[in-house]
Number of protein chains: 2
Amino acid sequence: MEKVELLPELLELFRQQGYEGVSIAHVSKATGLGKSSLYHHFPEGKEQMAKEVLEYIYKAVKQNFVAPLKAEGEPREKLTEMSKVIEGFYDSGRKGCLIDGLTLGEASAPFQQQVAQSLEAWIQAIADVAVEAGLTKKLARERAEAALIAIQGGLVVSRALRDYQIFKRVARSLPRLVLDGQ
Amino acid sequence: MEKVELLPELLELFRQQGYEGVSIAHVSKATGLGKSSLYHHFPEGKEQMAKEVLEYIYKAVKQNFVAPLKAEGEPREKLTEMSKVIEGFYDSGRKGCLIDGLTLGEASAPFQQQVAQSLEAWIQAIADVAVEAGLTKKLARERAEAALIAIQGGLVVSRALRDYQIFKRVARSLPRLVLDGQ
DNA sequence: GTCTATACTAGGATAGAC
DNA sequence: GTCTATCCTAGTATAGAC
């Protein structure tokens, strides 16, 4: 198993269980690799795993969300496309989000900056699209933040109520939220 | 130390560290009680602690959020009042939310129902106020869900970006969000 | 690169004295 | 109701063979 193939597996674990909830034994079971093999790939242990997952996420966010928004196209169409990708990426809210798990507790302090970086890049890309659509910079920023708030809050509330229609509705409302403020 | 005084302390721990992030040793340090004293109060250990914290939260939600919304008064005024209470309750977003910590991971499965119950009571109370203000039942429900999504998402995003102005803005926008849909 | 075996620490939980 | 002492398991991490 290549290291590149390990990361999606690790991502899945961290988003489901949170940093503290993941043990090396869990990782071993999920990947099929023995503990020593894991330490071969990640000499600094679990902390390194989380850091590499966050780098992986950063790239995924850039590739899946930021790049399409920066490409040529109508603002509303690009945001609609983003909504669809989001639904898939989070499996309509069933998958939860890394942010929850990796910003909770003191053990997660080392990851805060990396989490913020991915989130910031995403917000900025949405804000740029909103500016492209004619909004002021200030308003665009606020709407972009509102979009991410809706996404993250949608994940939390959907999971808590076990009602994934809620997340679907949130995802689909994003273009309106950003461009029309509702 | 009375048991009643322990619960706010435990609440603080769980919302900061999440369920898995809290150890009995942490609790012992935070409360000043030895392990055995803790097991005297909570014979079933950490799981019981979390359950009692959730009961405590349920009462707090009813008292702080639901009851004021059910009282006599103008819908917009009641929601404005709720916004202020929310800002204080979450210390403007610095305190994080139990939902994150207690719905993450398999260890948290036993709490899901209780978490959902508190959240549901709160959403329902907001929806009732919206109906009172003239909205249809369906729309009121959606707006109430949107309010809780904004609150929870606001907590996640504020914490991730370490920008607590974001949460303040969310809290203050709630009456508009519910009554005017923006 | 992966395994088995092992060391060590931290976490959960209990017994029994006061 | 609280303490000290102790037990056991799970968790992190490493050594060394293949």
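Protein chains get the first letters and strands the later ones, always in sequence-line order, with residue 1 at the start of each. Computed from heavy atoms alone, side chains included, the values below leave out hydrogens, waters and symmetry copies.
- A/Thr80 places a side-chain N or O within 3.5 Å of a backbone atom of A/Arg76 that can act as its donor or acceptor partner.
- In this structure, B/His40 does not reach the D/dC3 phosphate: none of its side-chain N or O atoms is under 4.0 Å from OP1 or OP2.
- Rounded to a whole Å, the CD atom of B/Gln17 is 11 Å from the P atom of C/dG11.
- With sequence neighbours left out, B/Arg94 forms a side chain to side chain donor-acceptor pair (under 3.5 Å) with no residue at all.
- Counting to the nearest Å, the P atom of C/dA13 and the CE atom of B/Met49 are 8 Å from each other.
- Listed pair B/His26 / C/dA10 fails the phosphate criterion, with no side-chain N or O lying under 4.0 Å from OP1 or OP2.
- Under 3.5 Å, the side chain of A/Ser36 and the base of D/dA13 form no donor-acceptor pair of N or O atoms.
- A side-chain donor-acceptor contact under 3.5 Å links B/Lys46 to the backbone of B/Val22.
- Regarding B/Ile24, its CD1 atom lies at a distance of 16 Å from the P atom of C/dA10, rounded to whole Å.
- When rounded to the nearest whole Å, the span between CD of A/Glu44 and C1' of D/dA13 equals 13 Å.
- Residue A/Glu47 contributes atom CD, which lies 19 Å from atom P of D/dG11 at whole-angstrom precision.
- For B/Ser158 (side chain) and B/Phe167 (main-chain N/O), a donor-acceptor pair under 3.5 Å exists by modelled atom type.
- The side chain of B/Tyr39 places an N or O atom within less than 4.0 Å of a non-bridging phosphate oxygen (OP1 or OP2) of C/dA13.
- By the 30° and 60° cut-offs, the orientation of the rings of B/Tyr19 relative to B/Phe14 is parallel.
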Taking N or O atoms only and anything under 3.5 Å, show me the protein contacts with nucleotides 7-9 of chain C, one pair per line.
none

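- Under the 4.0 Å criterion applied to side-chain N and carboxylate O atoms, A/Lys78 and A/Asp128 are not assigned as salt-bridge partners.
- Of the listed nucleotides (D/dT12, C/dT2, C/dG11), D/dT12 has the atom at the smallest distance from the side chain of A/Lys46.
- Every residue two or more places apart in sequence or in another chain was checked for a side chain to side chain contact (heavy atoms under 4.5 Å, CB included) with B/His40, and none qualifies.
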Determine all donor-acceptor pairs shorter than 3.5 Å in which one atom belongs to a side chain in residues 53-64 of chain A; sequence neighbours excluded.
{"residue": "A/Asn64", "atom": "ND2", "partner": "A/Ala60", "partner atom": "O", "Å": "2.9"}

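- Screening residues 106-117 of chain B for side chain to side chain donor-acceptor pair (under 3.5 Å), with sequence neighbours left out, gives no hits.
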Below 3.5 Å between N/O atoms, which protein atoms pair up with nucleotides 7-9 of chain D? Just atom names and distances, please.
none

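- Side-chain N/O atoms of B/Ser23 include none lying less than 4.0 angstrom from OP1 or OP2 on C/dA10.
- Counting to the nearest Å, the P atom of D/dG11 and the CD atom of B/Glu20 are 9 Å from each other.
- Atom CD of A/Gln48 is separated from atom P of D/dA13 by 11 Å (rounded to the nearest Å).
- Counting to the nearest Å, the C1' atom of C/dG12 and the CZ atom of B/Phe42 are 15 Å from each other.
- Panel note: side chain A/Arg15, backbone A/Leu98; no donor-acceptor pair is recorded below 3.5 Å.
- In this structure, A/Val22 reaches the sugar-phosphate backbone alone: every heavy-atom distance under 4.0 Å involves primed, P, OP1 or OP2 atoms, never a base.
- No N or O donor and acceptor, one from the side chain of A/Ser37 and one from the base of C/dC3, sit under 3.5 Å apart.
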